[in-house]
Amino acid sequence: MTIRTRFAPSPTGYLHVGGVRTALFSWLYARKHGGQFILRIEDTDRERSTQASVNAILEGMAWLGLQSDEGPFYQTQRFDRYHQVIEQLLAEGKAYYCYCSKERLEKLRVMQLAAKQKPRYDEKCRKITTSSDVKGVIRFKNPKVGQVVVKDLIKGNVIFNNSELDDLIIARADGTPTYNLTVVVDDWDMRISHVIRGDDHLNNTPRQINLLQALGAPIPQYAHLSMINGDDGQRLSKRHGAVSVMNYKEEGYLPDALLNYLIRLGWSHGDQEIFSRQEMIDLFDLTAIHSSPAAFNTDKLLWLNQHYIKTGKPEEIATHLQLQADPSGPSLAEIVKVQAERAKTLKELAENSHYFFGESVEFDNKAVRKHLKPAIHAPLTELCERLAQLSDWNAEGIHATIHAVAEQYDIKLGKIAQPLRVAVTGGAVSPPIDVTTYLIGQTRTVERLKRALALIGEKNES
RNA sequence: GCUCUAUUCGUCUAGUGGCCUAGGACAUCGCCCUCUCACGGCGGAAACAGGGGUUCGAGUCCCCUAUGGAGUACCA
């Protein structure tokens with residue numbers, strides 16, 4: 001049997017991390033077994049579906065590199081097929097028109113709730129012989145007795161009594177089909193072998209199985225993933241920061257880091273934390289998935305992100321960097337190389353690297369006050385002159401020069417390195433000073449040193 | 001309310017009846033390295049939700065309670 005999985009989001013909002021995780025697991029399962037991964041947009045709710053959301057989903061999937069083998073399919077383009085199935089159900093007496101008003105249904109619901117019962121349709125219209133020219137919804141005749149066993153690959157056997165289920169609506173009064181009908185038809189038509197989705201759908205599964213059986217369609221395998229909660233254990237929402245995957249891109253996360261983080265949420269392979277894409281594909285297994293919900297922890301994501309920034313090819317990482325390079329300055333790859341270990345995100349890396357470019361630096365007052373004191377004026381002047389005359393501009397030469405000046409004035413390395421750092425970067429933090437100075441370049445270094453010296457001079461006079 | 005589902009350090013998890021004095025990772029704390037910030041190295045603190053069973057033996061199996069999550073729509 002060929003493995004066919006699908007990711008079927010409804011375009012009513014952005015693609016969020018929970019959705020990405022189900023997409024990842026489905027994608028992985030198909031890849032691992034040499035099967036197909038299908039993308040299907042469930043847009044039957046025309047009121048709430050938007051093109052912007054469709055774009056966000058497509059964009060997110062592309063950014064993460066979760067390519068589909070088939071699709072995207074749009075349910076709104078398959079209405080003819082759904083109507084055909086609904087007609088068949090009607091003709092076979094497996095579905096019926098219902099003319100109950102929303103008011104009556106609401107009243108019924110309130111009464112049942114008051115009687116501490118589960119709200120459900122009372123089948124009033126089930127026996128009425130109908131004519132399709134009166135406007136009404138169409139309901140599926142759910143079996144009244146027996147039980148449905150959902151053989152879930154993650155949760156195990158989950159048993160539902162048919163007496164708990166009611167006759168669900170498969171077509172609205174305006175004739176459009178509803179979710180439970182469309183998924184069933186699509187999963188059948190698209191020959192989906194494994195339905196991997198969030199466990200918010202677990203309760204729908206027995207209804208879908210009944211529908212599938214009424215249609216004589218095969219029952220796919222099911223795997224329901226637990227939900228992802230926020231840091232506080234509560235349901236993930238806007239409160240928890242980034243909700244859309246594209247926010248993660250903007251915040252400077254690498255796709256591989258996000259995916260690696262997500263795969264370890266509810267799934268594990270012993271104590272292994274780092275997984276390359278190929279390892280994910282090779283080692284992934286539905287049976288190793290945890291059935292309990294997990295809390296999203298940004299700190300760990302940050303750690304993984306830095307890991308990927310540090311270990312990735314600098315040239316590759318540089319392509320994700322949003323920083324304006326200057327032809328007269330170092331390459332972005334060189335900057336990634338020296339900054340990787342002091343940045344958890346690409347955004348942070350870029351923000352801390354402006355001093356490698358441009359004509360002037362922005363001085364951090366606190367750093368200036370602490371390190372650019374009158375006493376350092378003489379050594380720094382000496383250093384400036386020597387650096388200006390350095391014929392071979394490289395880190396080693398710069399390093400030796402700084403040491404020589406420190407020795408000459410009998411001061412500790414830090415006493416000269418920090419003032420130099422503030423002079424060339426504007427602040428007290430940067431990669432090793434020799435490397436930093438090297439990358440900034442001789443001309444700029446000397447210019448900036450002169451300006452810093454002038455600054456000390458002014459302070460001296462005032 | 002009802003139905004379904006879950007519960008190991010703060011967080012993600014290992015664990016499938018004796019290997020558990022419960023392991024790893026993130027975060028946290030201390031020390032080392034050091035020109036800054038980091039990275040890195042070493043070390044510490046930190047958990048089987050509670051109660052009953054079953055068993056020679058339970059984190060692991062069963063039941064109850066508590067707590068969390070999901071569903072209960074002419075949403076998906």
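Just so it is clear: chains get the letters A, B, ... in the order the sequence lines come, proteins before strands, and each one is counted from 1. Everything numeric in this text was worked out from a predicted model, so none of it was measured.
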Tabulate atom names and distances for all N/O pairs under 3.5 angstrom spanning the protein and nucleotides 2-8 of chain B.
unit_1	atom_1	unit_2	atom_2	d
B:rU5	O2'	A:Lys155	NZ	3.3

> If you round to the nearest 0.5 Å, how far is CE of A:Met280 from NE2 of A:His269?
Replying inline: 13.0 Å
> Taking OH from A:Tyr82 and P from B:rC74, how many angstroms apart are they, rounded to a whole number?
Replying inline: 20 Å
>> Just to be sure I understand the rule, does A:Glu42 reach a base, reach only the sugar-phosphate, or reach nothing, if contact means heavy atoms closer than 4.0 Å?
In response: sugar-phosphate
> B:rU11 P sits how many Å from A:Arg264 CZ, rounded?
Replying inline: 15 Å
>> Heavy atoms only, 4.0 Å cut-off, all strands: where does A:Leu265 land among base, sugar-phosphate and nothing?
In response: sugar-phosphate
> Between A:Asp189 and A:Arg78, is there a side-chain N and carboxylate O pair less than 4.0 Å apart?
Replying inline: yes
> Can a side chain N or O of A:Arg172 be found less than 4.0 Å away from OP1 or OP2 on B:rA76?
Replying inline: yes
> Hey, does the side-chain of A:Asp271 have a donor or acceptor N/O within less than 3.5 Å of a partner on the base of B:rG23?
Replying inline: yes
>> One character per nucleotide, please: for nucleotides 61-67 of chain B, 5' to 3', B when the base has a protein heavy atom closer than 4.0 Å, S when only the sugar-phosphate does, - otherwise.
In response: -------
>> In whole Å, I'd like the distance from the CZ atom of A:Arg48 to the P atom of B:rC75.
In response: 8 Å
>> I want to confirm an ordering. Mapping A:Arg421 and A:Ala8 to their closest nucleotides on RNA chain B, which one lands closer to the 5' end?
In response: A:Arg421
> Between atom CD1 in A:Ile376 and atom P in B:rC35, what is the gap in whole Å?
Replying inline: 15 Å
> What nucleic acid atoms does A:Pro9 come within less than 4.0 Å of, heavy atoms only: base, sugar-phosphate, or nothing?
Replying inline: nothing
Output a table of nitrogen or oxygen pairs between the protein and nucleotides 46-48 of chain B separated by less than 3.5 Å.
none

> So which nucleotide from B:rC35, B:rU13, B:rU11 ends up closest to the side chain of A:Ala295?
Replying inline: B:rU11
> More than 12 non-hydrogen atoms from neighbouring residues, nucleotides or ligands closer than 6.0 Å to CG on A:Asp410, yes or no?
Replying inline: no
Sub-3.5 Å pairs of nitrogen or oxygen atoms, protein against nucleotides 39-43 of chain B:
unit_1	atom_1	unit_2	atom_2	d
B:rC39	O3'	A:Lys310	NZ	2.9
B:rG40	OP1	A:Lys310	NZ	3.2

> Rounded to the nearest Å, what distance is computed from the CZ atom of residue A:Arg139 to the P atom of nucleotide B:rA73?
Replying inline: 10 Å
>> A:Asp256: which residues meet the side-chain contact (heavy atoms from CB on, under 4.5 Å) condition with it, sequence neighbours left out?
In response: A:Arg277, A:Tyr308
>> Contact list please: residues 175-187 of chain A against RNA chain B, heavy atoms, distance less than 4.0 Å, in numerical order.
In response: A:Thr178, A:Tyr179
>> For A:His403 and A:His399, take the angle between the two ring planes, folded into 0 to 90°, and tell me which bin it lands in: parallel under 30, tilted 30 to 60, perpendicular over 60.
In response: tilted
> Base, sugar-phosphate, or nothing: which does A:Asn352 touch, judged by heavy atoms less than 4.0 Å apart?
Replying inline: nothing
> Checking A:Lys344 side chain against A:Leu302 main chain: does a donor-acceptor pair fall under 3.5 Å?
Replying inline: no
> How would you label the contact of A:Arg120 with the nucleic acid (heavy atoms, under 4.0 Å): base, sugar-phosphate, or nothing?
Replying inline: nothing
>> Checking contacts here: which listed nucleotide (B:rC12, B:rA70, B:rU36) is nearest the side-chain heavy atoms of A:Ala294?
In response: B:rC12
>> Please classify the nucleic acid contact of A:Asp174 as base, sugar-phosphate, or nothing, using heavy-atom distances under 4.0 Å.
In response: nothing
>> Can a donor-acceptor pair be found, under 3.5 Å and without considering hydrogens, that links the side chain of A:Asn305 to the backbone of A:Lys300?
In response: no
> Can we say A:Arg386 and A:Glu382 salt-bridge, meaning some charged N sits less than 4.0 Å from an Asp/Glu carboxylate O?
Replying inline: yes
>> Does A:Thr44 reach a base, just sugar-phosphate, or nothing at all? Heavy atoms under 4.0 Å.
In response: sugar-phosphate
> Tell me: CD1 of A:Ile41 to P of B:rC75, nearest whole Å?
Replying inline: 19 Å
